[in-house]
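Worksheet: the structure to be examined is printed underneath.
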Protein chains: 2
Amino acid sequence: MVDAYHHGDLRRALVEAALAVIDEDGVDALTLRGVARRAGVSHAAPYHHFADLADLRAAVAAECFADLRDRMVRARAAGASPDRQVRELGRSYIDYAVERPNRFRLMWRPELRGPGAPGEVVALAGEESYRPLLAAVAAGQHTRLFRAGEVPDLALFAWATVHGFATLLVDGPLADTAADPARLAAAAENVVELTLTGLLRH
Amino acid sequence: MVDAYHHGDLRRALVEAALAVIDEDGVDALTLRGVARRAGVSHAAPYHHFADLADLRAAVAAECFADLRDRMVRARAAGASPDRQVRELGRSYIDYAVERPNRFRLMWRPELRGPGAPGEVVALAGEESYRPLLAAVAAGQHTRLFRAGEVPDLALFAWATVHGFATLLVDGPLADTAADPARLAAAAENVVELTLTGLLRH
DNA sequence: ACGGCAATGTTGACAATGTCAAGATACGTG
DNA sequence: CACGTATCTTGACATTGTCAACATTGCCGT
C-alpha cells in the first residue's frame, strides 16, 4: 500500500496526495504536477486518470462530500427528536467546516458546478449530504413540532443559516471566533438555536 | 477619461479592467498580464501600482465592498421600521449577489483575509457593509420589537442566513433558482421571513 | 504458451503566467 | 533648467497546464 504507485492504484494515490496538499496549503496550492511529484510519478501521469486539473478537483470534492454525507447521516441518527436532529446536523456541519476549512472551501468552489460532467458528480454528492436535513425537517413537521409550510423551504432556511455561518467562520470575519473553541461553541449554539426558532411552531 | 492610461490614472484603469474581466469570465480569469493588456500597457506596468496579483484582487474587492456598503446604507434608509429595514437589507444583499455573482465570489475569497496588509482594507470595508444591519437590529431591540439578547448575536444570525442563502444561490445547488426571477423572489422572501421569525419577539 | 492490444507511464515540447531586474522616460521640484 | 523620483518598457526565468509521441506492461483470447 505504501508504494501503490507504479502499479497499484495511482488514481487513489493522486487523490490522497491532493487531499494532503489542500489540507496543508489550500486549494490554490493544488497543482497537477505537484500531486504527480508527491505520488512519485511523472508530471503527465495524472492525465491518464483525470481529464484536467478541474477534474481532479472535482474528484477530491466528491470524496469530501461523501465524508460530509456520512457525518450528516450519523448526526441525524444521534438525535432523538427532530429538533435535536436539526441541532446535531447543524453542529456537525459547522464542525466539519472548522475542522477542515480547506476542504470545505473546495467543496463550494463555483467551478465544480459548471456544465462539465464531473460537476454533476459533485452535485449529486452534495444532494446526498442534504438529504438527512430534509428528512429531519419532514419528521418535525409530521410530528407537528415544526411550523407548517413547504418542507424544502424550511430545510433551505436551516441549511442557509448554518452554511452561511460556517462560511463566515471559514472565509469571513469570524475567523478568530473559529479559532477559540469556547467562543466558537457559543456562537454556534446561538445560531443553531435561532434557526430552530424559525422552524418550531410557536 | 477614455484614454487615461498612458498618463492619467493607470491604477484606476487597471481596477476597472479587472472588474470587467471578473464580471465577464470569473475571478480565476483575472490575470495581471491580461489586465495590463486591456489597459494598453506593458505586462509589468501593474507592478508599479500593485504588489502582486493578490494585491490587485484585494483592491478590486475593496471597491466591491464599498459598493455593497452603499447599497446597504440605502436599503436601511428605505425601511420605515426595524423589521422592514432588515427585510430590505436582506433583499438587497441577495440582489447584489445574484446581480454580480463573480464580484460576490471574489469578495469572500479566503486569500483576501490573510495576514497581508491589503486584506485588512478588505476586512474594514466588509465591516462597514455590516454596520447597517447591526444598527437595524439594535433599533429593533430598542423598540422591543425584536427579542432580547446580544445585538451582535442576533445580527450575526441574520447575516449568516442571508449570506448563506446568497452563497447557495451563487455557488451552490440553487443556481437554477437564481436564474428564474419568480422563483428567486419567492425563495428570498421565504428565507427573509423565516429570518425575521428568529429576530422578532413572540 | 504466446502474440498483440489497450491501459498506463514517461519524455519532450509549447504557450501563458507571475515575478524580478535593468534600462528608459517623463514630471514636478529645487 | 537640472535632477531625482515615479512611472513604464523590455527582457528574462521558473512554474504550470496541456498535448503529442513514444515506451512498457499486464491481460486476453487463441
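Just so it is clear: chains get the letters A, B, ... in the order the sequence lines come, proteins before strands, and each one is counted from 1.
- Taken residue by residue, residues 20-34 of chain B places heavy atoms nearer than 4.0 Å to DNA chain D at B:Arg33.
- The shortest distance between side-chain heavy atoms of A:Arg103 and A:Asp23 falls below 4.5 Å.
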If you look only at distance, which donor and acceptor atoms sit under 3.5 Å apart when one is on a side chain in residues 61-73 of chain A and the other is two or more places apart or in another chain?
from, atom 1, to, atom 2, distance (Å)
A:Glu63, OE2, A:Arg12, NH2, 2.4
A:Arg69, NE, A:Glu128, OE1, 3.2
A:Arg71, NH2, A:Glu99, OE1, 3.2

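- Between A:His49 and the phosphate of C:dA7, there is no side-chain N or O to OP1/OP2 separation shorter than 4.0 Å.
- Atom pair B:Leu53:CG and C:dA16:P shows a separation of 18 Å (rounding to whole Å applied).
- Residue contacts shown for B:Arg37 are limited to sugar-phosphate atoms, with no base heavy atom under 4.0 Å away.
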N/O donor-acceptor pairs under 3.5 Å from side chains in residues 155-173 of chain A, not counting sequence neighbours:
from, atom 1, to, atom 2, distance (Å)
A:Trp159, NE1, A:Tyr93, OH, 3.3
A:Thr161, OG1, A:Phe157, O, 2.9
A:Thr161, OG1, B:Thr161, OG1, 2.9
A:His163, ND1, A:Tyr93, OH, 2.9
A:Thr167, OG1, A:His163, O, 2.9
A:Asp171, OD1, A:Arg105, NE, 2.6

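- Scanning for side-chain hydrogen bond (donor to acceptor under 3.5 Å, both in side chains) contacts around B:Gln85 gives B:Arg76, with sequence neighbours left out.
- With sequence neighbours excluded, no residue forms a salt bridge (charged side-chain N to carboxylate O under 4.0 Å, His left out) with B:Asp25.
- Minimum atom distance to the side chain of A:Asp52 is reached by D:dT18, of the listed C:dG9, D:dT18, D:dT9.
- B:Leu14 places its CG atom 12 Å from the C1' atom of D:dT7, with the value rounded to the nearest Å.
- A donor-acceptor distance shorter than 3.5 angstrom exists from the side chain of A:Arg147 to the backbone of A:Gly198, with no hydrogens or angles considered.
- In this entry the distance linking OH of B:Tyr47 with P of C:dT17 reads 12 Å, nearest Å.
- Rounding to whole angstrom units, CG of residue B:Leu10 and C1' of D:dA6 are separated by 12 Å.
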Side-chain atoms of residues 189-197 of chain B: list all donor-acceptor pairs with protein atoms under 3.5 Å, sequence neighbours left out, distances to 0.1 Å.
from, atom 1, to, atom 2, distance (Å)
B:Asn190, ND2, A:Asp153, O, 3.2
B:Glu193, OE1, B:Arg87, NH1, 2.8
B:Glu193, OE2, B:Arg87, NH1, 2.8
B:Thr195, OG1, B:Val191, O, 2.7
B:Thr197, OG1, B:Glu193, O, 3.0

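- Summarising the geometry, the separation between NE2 on B:His48 and P on C:dA21 is reported as 12 Å, rounded to the nearest angstrom.
- Protein atom CZ of A:Arg12 is 18 Å distant from nucleotide atom C1' of C:dT8, rounded to whole Å.
- Between the CZ atom of B:Arg11 and the C1' atom of D:dA6 there is a distance of 15 Å, rounded to whole Å.
- Nucleic acid contact class of B:His43 (heavy atoms, under 4.0 Å, all strands): base.
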